[in-house]
Amino acid sequence: MTTAVPTAPAVAESVVELRRLVAALPGPVALVPTMGALHEGHRTLVRAARERAGSVVVSVFVNPTQFGPGEDFDRYPRTWDADLAALAEERADVVFHPPVEEVYPAGALGVTVDPGPLGSVIEGSVRPGHFAGVLTVVAKLFGLVRPDLALFGEKDYQQLTLIRAMARELALGVEVVGVPTVREDDGMALSSRNRYLSPEQRATAAAVSAALRAGAAAGPQGPDAVLAAARAVLADHPGLLQDYLQLTDLDLGPAPTAGPARLLVAVRAGSTRLLDNTHVDLHRPTQPTGDAR
Ligand code: PAF
């Protein structure tokens, strides 16, 4: 019996090579931008891309401009050999793996994408400049690959919302597709940063998704009950320091009193930040029916 060996994707380390490889791809072309350290969540994005497109391009690039001073850019996991093997298994066609100078050449004037007011709230209030860095590199990748569609995880819901807004408001001609978060058996959202957690922190970190589930289950009781239920779960885990717990509408504006909403949370376990979010269906609290006599 012969075992099928996955064909390695073509790898481009330069913009010239990327353009040459992409030009030969049958369309529609899907792009999956990543920072590497690939896990099942990324693989799910590549599979979803493959289902929707004729060709799949994946970028593996740890983008320095989205990390603030003192953040984990230097220690961000870089696992190139394993990433390439995973992308061969998932049958990606082209992988863009450039050095920093290829994406940010010397002598550039430093034009960036301004995320607008949504860039400085929720996650943006904790990481100033982060979303300008994300949008700038994603806009650049869109310009280099010129994909028909691009796929991003819902785990980074604010990032997904901003990239969607960028594509729409700057008329970039790319369909932005959000893909549901992939979770461990205990509900923990997959993230490349989970590998920083000690076994004790990992056990406690399951409370983040538990808090979201408790919040979503309280949806029928209204917005205050959602936040109270999620807060109560987090309060039982003093090792998780809360950066924010916020209920918003689906576009990250103020929470509605009823209807669909999003609950977003970020905590720190030691020096590791954990982000997660979930959909919530809010209903107005039922008023006690008074005796009308
Ligand atoms: O979500 C990520 O991994 C990054 O923010 C992205 C979208 C690849 C941009 O660097």
Side-chain angles (χ1 to χ4, degrees), residues 12 15 18 30-46 48-49 56-68 71-80 82-84 86-87 90 92 94-104 112-115 118-119 122-124 126-145 147 149-167 170 172 174-182 189-196 252 264 266 272-277:
V15 165
L18 175 70
L31 172 67
V32 180
T34 81
M35 298 208 298
L38 303 183
H39 50 66
E40 193 55 31
H42 297 107
R43 283 174 174 252
T44 303
L45 292 176
V46 179
V56 179
V57 179
V58 180
S59 59
V60 174
F61 177 63
V62 185
N63 171 38
T65 66
Q66 67 189 75
F67 291 80
E71 290 188 4
D72 58 345
F73 174 69
D74 288 332
R75 72 173 184 126
Y76 194 85
R78 286 152 173 94
T79 58
W80 170 241
D83 292 348
L84 191 57
L87 293 173
E90 299 303 339
V94 172
V95 180
F96 183 41
H97 182 230
V100 172
E101 321 76 75
E102 197 62 25
V103 178
Y104 297 107
T112 58
V113 178
D114 182 346
L118 193 51
I122 319 176
E123 183 66 7
V126 183
R127 301 185 70 189
H130 170 67
F131 288 115
V134 170
L135 293 191
T136 300
V137 80
V138 171
K140 226 161 195 186
L141 292 167
F142 283 4
L144 292 171
V145 177
L149 63 155
L151 295 91
F152 299 86
E154 284 182 355
K155 155 129 189 333
D156 296 302
Y157 188 80
Q158 190 171 2
Q159 165 175 288
L160 171 62
T161 305
L162 278 164
I163 291 170
R164 253 197 198 119
M166 173 178 77
L170 302 185
L172 300 183
V174 180
E175 182 197 350
V176 174
V177 178
V179 176
T181 303
V182 179
L190 295 192
S191 162
S192 301
R193 288 187 169 100
N194 290 354
R195 66 189 75 197
Y196 297 153
L252 299 176
L264 301 103
T272 306
R273 294 190 70 246
L274 303 169
L275 273 66
D276 203 349
N277 65 86

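Whatever order the structure lists them in is the order used to number ligands and atoms, beginning at 1. The structure displayed is predicted, hence computed values, not measured ones. Just so you know, these numbers use all the heavy atoms, side chains as well, and skip hydrogens, waters and symmetry mates.
Note that R75 lies in the cation-pi zone of Y196, set by a 6.0 Å cut-off to the ring centre and a 45° limit from the axis. Cation-pi geometry between R78 and F73 is met: under 6.0 angstrom from the ring centre, within 45 degrees of the axis.
One N or O on the side chain of D83 and one on the backbone of A37 form a donor-acceptor pair closer than 3.5 Å.
Here the heavy atom of the protein found nearest to atom 10 (O) of ligand 1 is Q66 OE1, 2.6 Å. With hydrogens left out, the protein atom closest to atom 3 (O) of ligand 1 is M35 CG, 3.6 Å, a heavy atom.
Polar contact with ligand 1: absent for N63 (N/O pair, distance under 3.5 Å).
Separating the CD atom in Q66 from the CZ atom in F131 is a distance of 9.5 Å, to the nearest 0.5 Å.
Of all atoms in ligand 1, numbered sequentially from 1 with element shown, those under 4.0 Å from a heavy atom of P33 are 8 (C). Each of the following atoms of ligand 1 lies closer than 4.0 Å to a heavy atom of V137: 9 (C), 10 (O). Under a 4.0 Å criterion applied to the non-hydrogen atoms of Q159, ligand 1 contributes the atoms 1 (O), 2 (C), 4 (C), 5 (O), 7 (C).
Using a 4.5 Å heavy-atom threshold, the side chains of L38 and T79 count as separate. Looking only at side-chain heavy atoms (C-beta outward), V58 and T34 come within less than 4.5 Å of each other.
Contacts between T34 and ligand 1, counted as non-hydrogen atom pairs separated by less than 4.0 Å, involve the backbone only.
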